[in-house]
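First up is the structure itself, then whatever we jot down about it.
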Amino acid sequence: MAPRSLSAAVLVLHGGYENGTEPPPPGLLNLPGTRMRPFVRALRRATRAPESAPESGAGVLVRQVRYAHRGWNGSRADALHDALAALDALGEEAGGSGGADGVPVVLLGHSMGARAALLAAGHPLVRGVVGLAPWCPPGDPVTQLAGRDVVLVHSSRDRITSPQATQSLTTRARRAGARTCMVTVRGGDHAMIRRAPAWHRLTTTLVTGLLGTGSLPEPVTAALGLPPTAEPTEGTLDLDRLRPRRGPAGLQPSP
């Protein structure tokens with residue numbers, strides 16, 4: 001059962017493969033799923049209510065989406081259907097605890113999971129998307145992102161998915177009515193192993209900021225407020241130039 005005081009939720013979607021109809025392997029053998037475990041732990045710590053004020057952060061649910069198939073599989077878009085099914089199930093589980101519009105959800109996805117999150121963002125529960133090293137094919141639609149907050153994070157050295165495609169989607173989505181921002185991680189990689197602590201801190205800051213339980217870095221807030229006609233470079237930020245913030249959910253200086 002969902003907590004009675006459920007006020008928000010985060011759904012985490014791990015990466016996968018372009019093709020693969022078999023189910024993901026179990027447990028730690030599912031490497032894309034294992035890769036997201038540190039992010040899940042960090043988010044649960046950041047959204048846990050302090051004992052002195054249990055009502056202040058209670059009810060933020062952090063849950064991982066389970067895939068039926070390990071690949072996207074072309075027009076089948078299996079991961080997208082799993083994401084939508086998880087959102088529907090969350091809405092039923094939470095009942096009316098989120099008010100008339102349902103419990104607000106931030107989607108956090110990596111690679112294939114980020115593609116699923118972006119395409120599932122039209123679901124009425126979704127308020128924002130944080131995409132890590134997202135897979136952004138140029139033909140994917142963006143109109144479903146209108147009215148949402150979208151922050152995409154990409155390594156400048158990614159050789160699996162394209163940071164240029166991510167910047168293009170960020171711009172297209174802004175023109176379609178989304179509030180968007182891209183953050184570049186210099187020296188990172190697709191698997192988020194290089195500079196892992198920086199990836200974890202930034203992601204926690206972004207998700208809690210979009211949830212309203214933390215503060216977004218000022219440059220991110222400014223980028224989200226850009227007009228639809230803004231140039232692509234205006235909404236693209238360098239992680240190492242973001243202003244550090246104090247506090248458990250704040251962005252700390254990168255290593």
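From a predicted model like this one, the values you see are computed outputs, not experimental measurements.
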Met112 side, atom CE; Asp78 side, atom CG - distance, nearest 0.5 Å:
8.5 Å

Within-4.5 Å side-chain heavy-atom neighbours: Val129 and Asp149:
no

Without placing hydrogens or testing angles, list every side-chain donor-acceptor pair under 3.5 Å for residues 83-91, not counting sequence neighbours.
residue, atom, partner, partner atom, Å
Asp88, OD1, His123, NE2, 2.8

Start with the C-alpha gap between Arg186 and Asp238, add the side-chain angles, then the distance that decides, and say whether side-chain contact (heavy atoms from CB on, under 4.5 Å) holds.
CA-CA 8 Å; Arg186 284 185 285 166; Asp238 185 332; 2.8 Å; yes

Considering all heavy atoms, the nearest Pro32-Gly15 contact
CB-O, 3.3 Å

May I ask you to decide if Leu28's main-chain N or O and Thr34's side chain share a donor-acceptor pair within less than 3.5 Å?
yes

Using modelled atom types only, decide if a donor and an acceptor are shared between the side chain of Ser155 and the backbone of Gly188 within a distance under 3.5 Å.
yes

Is there side-chain contact between Thr47 and Thr208, with at least one heavy-atom pair below 4.5 Å?
yes

Crowding at CD, Glu22 (>12 non-hydrogen neighbours, <6.0 Å)
yes

Test item: Thr170 and Val150 side chains (from C-beta on) under 4.5 Å apart, heavy atoms:
no

Closest non-hydrogen contact found for Ile160 with His190 is CB-CG, 3.5 Å

Donor-acceptor pair, distance only, cut-off 3.5 Å: does the side chain of His154 make one with the backbone of Gln167?
no

Kindly indicate whether the side chain of Leu13, heavy atoms from C-beta on, has any atom under 4.5 Å from the side chain of Leu108.
no

Is Arg66 close to Pro24 at the side-chain level, that is, under 4.5 Å between some pair of heavy atoms?
no

Starting from Met182, can I reach Leu107 by hopping between I/L/V/M/F/W/Y residues whose side chains sit under 4.5 Å apart?
no

Would you please say whether a donor-acceptor pair under 3.5 Å links the side chains of Ser162 and Gln164?
yes

Any side-chain to backbone donor/acceptor pair from Arg70 onto Pro25? Under 3.5 Å, distance only.
no

Spacing of Leu242 atom CG and Thr205 atom OG1 [to the nearest 0.5 Å]
9.5 Å

Any chance you could measure Arg115, atom CZ, to Leu169, atom CG, to the nearest 0.5 Å?
10.5 Å

Exam field: side chain Arg148 to backbone Arg179, donor-acceptor pair closer than 3.5 Å:
no

Criterion side-chain contact (heavy atoms from CB on, under 4.5 Å) on His14 and His110, from CA distance to verdict
CA-CA 5 Å; His14 65 70; His110 172 242; 5.7 Å; no

Once side-chain contact (heavy atoms from CB on, under 4.5 Å) is applied, do any residues pair with Arg44, and if so which ones, sequence neighbours excluded?
Val40, Val62

Do the non-hydrogen side-chain atoms of Val103 and Ser7 ever get within less than 4.5 Å of each other?
no

Would you say Asp158's side chain and Ala133's backbone share a donor-acceptor pair under 3.5 angstrom?
no

Sub-3.5 Å donor-acceptor pair from the side chain of Asn73 to the main-chain atoms of Asn19, do we have one?
no

Could you grab the distance from atom CG of Leu80 to atom OH of Tyr67, nearest 0.5 Å is fine?
10.0 Å

Where the side chain of Arg195 meets the backbone of Ile193, is there a donor-acceptor pair that is under 3.5 Å apart?
no

Which atoms form the tightest heavy-atom contact between Ala173 and Leu145, and what is the distance?
CB-CD1, 3.7 Å

Give a yes or no on whether Arg63 atom CZ has more than 12 heavy-atom contacts from other residues, nucleotides or ligands under 6.0 Å away.
no

Just so I know, are the side chains of Arg174 and Leu226 near enough to count as touching, which here means a heavy-atom distance under 4.5 Å?
yes

N/O donor-acceptor pair under 3.5 Å between Arg241 side chain and Leu239 backbone
no

Do the side-chain N and O atoms of Thr21 and His69 include a donor-acceptor pair separated by under 3.5 angstrom?
no

Measure the shortest side-chain to side-chain distance between Cys181 and Leu237 over non-hydrogen atoms and say whether it is less than 4.5 angstrom.
yes

Is it the case that atom CZ in Arg157 sees more than 12 heavy atoms from other parts of the structure closer than 6.0 Å?
no

Using 0.5 Å steps for rounding, measure from the OG1 atom of Thr203 to the CG atom of Leu43.
7.5 Å

Evaluate side-chain contact (heavy atoms from CB on, under 4.5 Å) for Leu118 paired with Leu152, printing each intermediate quantity in order.
CA-CA 10 Å; Leu118 289 164; Leu152 304 181; 4.1 Å; yes

Side-chain (Glu18) to main-chain (Trp72) donor-acceptor, under 3.5 angstrom:
no

Give me the atom names and distance for the closest heavy-atom approach of Ala114 to Gly131.
CB-CA, 3.9 Å

Leu132 and Phe39: side-chain contact (heavy atoms from CB on, under 4.5 Å), yes or no, with the steps?
CA-CA 11 Å; Leu132 309 177; Phe39 294 92; 3.8 Å; yes

Nearest 0.5 Å please: distance from the CG atom of Asn30 over to the CD atom of Gln64.
9.0 Å

For Ala42 and Thr204, which heavy atoms make the closest approach, and how far apart are they?
CB-OG1, 3.4 Å

Trp199: which residues meet the ring-ring contact (aromatic ring centres under 6.0 Å, His included) condition with it, sequence neighbours left out?
none

Taking every non-hydrogen atom, the tightest pair across Ser111 and Thr161:
OG-CG2, 4.1 Å

